[in-house]
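See structure below.
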There are 2 protein chains.
Amino acid sequence: MILNLNSEDLMALEKHQRAHLINSLGGFKSVALVGTTDKEGNTNLAVFSSLFHVGANPPLIGLIFRPSPPERNTFSNIIETGYYTINHINESIYKQAHQTSARYDKGVSEFEITGLNSDYKDNFFAPYVAESKVKLGIHFKEKIDITINNTILVIGEIIQIYLPQDCLASDGFIDLEKANSITCSGLDSYHKTVQLDRLSYAKPNQEITSILNNEKH
Amino acid sequence: MILNLNSEDLMALEKHQRAHLINSLGGFKSVALVGTTDKEGNTNLAVFSSLFHVGANPPLIGLIFRPSPPERNTFSNIIETGYYTINHINESIYKQAHQTSARYDKGVSEFEITGLNSDYKDNFFAPYVAESKVKLGIHFKEKIDITINNTILVIGEIIQIYLPQDCLASDGFIDLEKANSITCSGLDSYHKTVQLDRLSYAKPNQEITSILNNEKH
C-alpha cells in the first residue's frame, strides 16, 4: 500500500520521527569523516553525510553545516586554518565514524575517543584518517549562508588525493566498491554496495531497446 | 599501492578523465529523476546525482544545476512554475533514468523517449514517475548562485511524500533498500545496497568496546 504524507502530516510528526523521515527521503548519501585541527594543533574528527560534488573543474566539494554542537569545532577549525581532510568510511571503521557524532567537549579529540589514527601527509595542515582508504586534502574556498534554515554551505577545492592504485580505472573512474567505501541513509543506517552496471554515455538517438540492453563500456 | 595526486596532476588529466575522477571522489551519491512541466504542459524528466538533504524542519532538499544543456529545461521549468517532483530510482528503471542525461531538444519529453510513465497526483502541478516507489512533490523556495564555478543551488520544500507503507519504520526511518532505491558513483555507475547496520544515537560516554559492539536499536 502506498502512503501519502503532506506538509501538515509532516508537521504533526514528533521531532525525531520527522528528522528520521526527512533525512531518509533524499536517498542514499555520501558519508565521510572530516578531519581538522585548530591553531594550537588540537585535532577534531566528525562524520558528515551532507557531502556533495559541486564541480570537476576546478575540483570542488560541498558540505552543509548545521547550527548544532558536534560540527561546530569542525566549522571553526576550517574557517580558522583554511584546511581540512575528507576521508571515506569503509566497513571496518563505520562504527567509530558514527561515534564521532556524539557531543564531545571542545577539548576532546574524536581520534582518541574512537581509536582512529591521525595521519599527517606531505606537510598538509589537517590530519587524515590512517584507516581510511580514499582521502582528500581540501583547501577552503567559500562559505555561503543558507538563511532559509540557518545552515551554511562550505565549498572547498580538492588539492590532494590518496587512493589505492588498483581502484583507479584508465578513464578516471574510481571503483569505490573495491576501495570498500560505504554509503548511509537516514540518520544512522550504513550500507555497502553491489554494482549493477556502468552505463555508456547517453546519446539522444539511442532506441529504447538499446537503452534496456545497455552494454558496458 | 597508494596513489597520490595533487592539483597539478589533476590539471594534467584529460578533461573526461578528470570529470570521472572528481565525480567519484565524493563517494556514493543520491540519484533521482526530477520531473517538471513548462507552462504549456510539456513534460521534462532528468536524472540528478547532485541531490542532498538540507534540513528537516522545514523539510528542505537541494539540487545543484550546471550550466549545461540537459538540465536547462528542468531549471527553467522549476523557476517558471515553482513545482517539481523528485523520484527515487530503482533497479528496474535505472537504465531509462540514465538515458534522460542525453541532450534532447526542448520539444522532446524524456517520458516518451524512455517509456517511463508520468503520473499526476492530488492536483500537483509537476508529473511524478509512475514506476518510482518513493516520490516527493517539491515547492521551489530559493536559488543561490555559486559563483566560484557558475553553478546554481536550488532549494525546495518537500510538501508531498509517497512511499510504500511497509518501508516506513515506527521511528520515521525509511527502509530504502526495501523500497529498492539505488545509489550511484562517478558519472555512470549504479549500485544496489546491502545494509550493514543501524546504529544507536551516539553519546559521549560510550566506551570504545561498546562502540565496536554497537547494538541495534
Side-chain angles (χ1 to χ4, degrees), chain A residues 1-7 17-24 26-28 30 52-53 55-56 59 61 88 95 98-99 101-102 104 115 142 148-149 159-163 165 171-174 176 181 183 185-186 188-199 202-204 208 211-212 214, chain B residues 1-7 17-24 26-28 30 52-53 55-56 59 61 88 95 98-99 101-102 104 115 142 148-149 159-163 165 171-174 176 181 183 185-186 188-199 202-204 208 211-212 214:
Chain A
M1 208 188 105
I2 300 299
L3 199 66
N4 174 223
L5 298 165
N6 62 25
S7 298
Q17 279 184 322
R18 186 170 56 230
H20 278 291
L21 179 71
I22 304 299
N23 271 278
S24 301
F28 291 101
S30 302
F52 57 97
H53 173 78
I61 199 157
H88 282 212
K95 290 179 181 178
H98 185 73
Q99 183 60 24
S101 62
Y104 294 107
E142 193 175 353
I148 190 173
N149 72 339
I159 61 172
Q160 290 286 352
I161 303 168
Y162 300 90
L163 79 163
Q165 190 163 23
D171 67 356
F173 174 76
I174 303 172
L176 295 178
S181 295
T183 176
S185 69
D188 53 22
S189 185
Y190 295 86
H191 310 255
K192 60 182 179 180
T193 64
V194 179
Q195 190 180 48
L196 295 164
D197 209 350
R198 280 191 75 187
L199 300 181
K203 297 192 183 90
I208 184 72
I211 297 168
L212 292 171
N214 200 308
Chain B
M1 208 188 106
I2 300 300
L3 200 65
N4 173 223
L5 299 165
N6 62 25
S7 299
Q17 277 183 323
R18 187 169 56 229
H20 278 290
L21 180 70
I22 304 298
N23 272 277
S24 300
F28 291 101
S30 302
F52 57 97
H53 173 78
I61 199 157
H88 282 212
K95 289 178 182 178
H98 184 74
Q99 182 60 24
S101 63
Y104 294 107
E142 193 175 352
I148 190 171
N149 71 339
I159 60 172
Q160 290 286 352
I161 303 167
Y162 300 89
L163 79 163
Q165 190 162 25
D171 67 355
F173 174 77
I174 303 172
L176 295 176
S181 294
T183 177
S185 68
D188 53 21
S189 184
Y190 294 86
H191 310 255
K192 60 182 178 179
T193 64
V194 179
Q195 190 181 46
L196 296 164
D197 209 350
R198 279 191 75 189
L199 300 181
K203 297 192 184 90
I208 184 72
I211 298 167
L212 292 171
N214 201 307

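Every chain is numbered from 1 and lettered A, B, ... according to where its sequence line falls, protein lines coming before strand lines.
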Exercise. Using a cut-off of under 4.5 Å on heavy-atom pairs, state which of Ile148(A), Asn6(A), Ile161(A) scores highest against chain B.
Key: Ile161(A)
Self-check item: Interface moiety of Lys203(B) toward chain A, non-hydrogen atoms closer than 4.5 Å
Solution: backbone
Self-check item: chain A contact via His88(B) - side chain, backbone, both or neither, heavy atoms under 4.5 Å
Solution: side chain
Quiz item: Quick check: does any side chain N or O of Ser30(B) sit under 3.5 Å from a backbone N or O of Phe28(A), one acting as donor and the other as acceptor?
Solution: yes
Quiz prompt | Atom group of Phe52(B) that falls short of 4.5 Å from chain A, counting heavy atoms | solution = side chain
Quiz item: If you count heavy-atom pairs under 4.5 Å between each of Ala56(A), Ala19(A), Gly186(A) and chain B, which one has the most?
Solution: Ala56(A)
Quiz item: Given side chains that start at C-beta, do those of His191(B) and Thr183(A) come closer than 4.5 Å, heavy atoms only?
Solution: no
Quiz item: For the candidates Gly26(A), Gly115(A), Ser181(A), which exhibits the highest count of non-hydrogen atom pairs separated by less than 4.5 Å from chain B?
Solution: Gly26(A)
Exercise. Mind ranking His53(B), Gln160(B), Met1(B) by heavy-atom pairs under 4.5 Å with chain A and telling me who comes out on top?
Key: His53(B)
Quiz item: What's the spacing between Arg198(B) CZ and Asp188(A) CG if we round to 0.5 Å?
Solution: 4.0 Å
Self-check item: Flag side-chain contact, heavy atom, 4.5 Å: Leu199(B) against Gln99(A)
Solution: no
Quiz item: Which bit of Ile61(A) is near chain B, if near means a heavy-atom gap under 4.5 Å: side chain, backbone, both or neither?
Solution: side chain
Quiz item: With a 4.5 angstrom heavy-atom cut-off, which part of Glu142(A) approaches chain B: side chain, backbone, both or neither?
Solution: side chain
Practice problem: Could you check Ile22(B), Asn23(B), Leu21(B) and say which one makes a side chain to side chain contact (heavy atoms under 4.5 Å, CB included) with Ile174(A)? | Solution: Leu21(B)
Exercise. Answer yes or no: is there a side-chain heavy-atom contact under 4.5 Å between Asn4(A) and Tyr162(B)?
Key: yes
Exercise. Looking only at non-hydrogen atoms, find the nearest pair between Ala102(B) and Pro204(A) and report the distance.
Key: CB-N, 3.5 Å
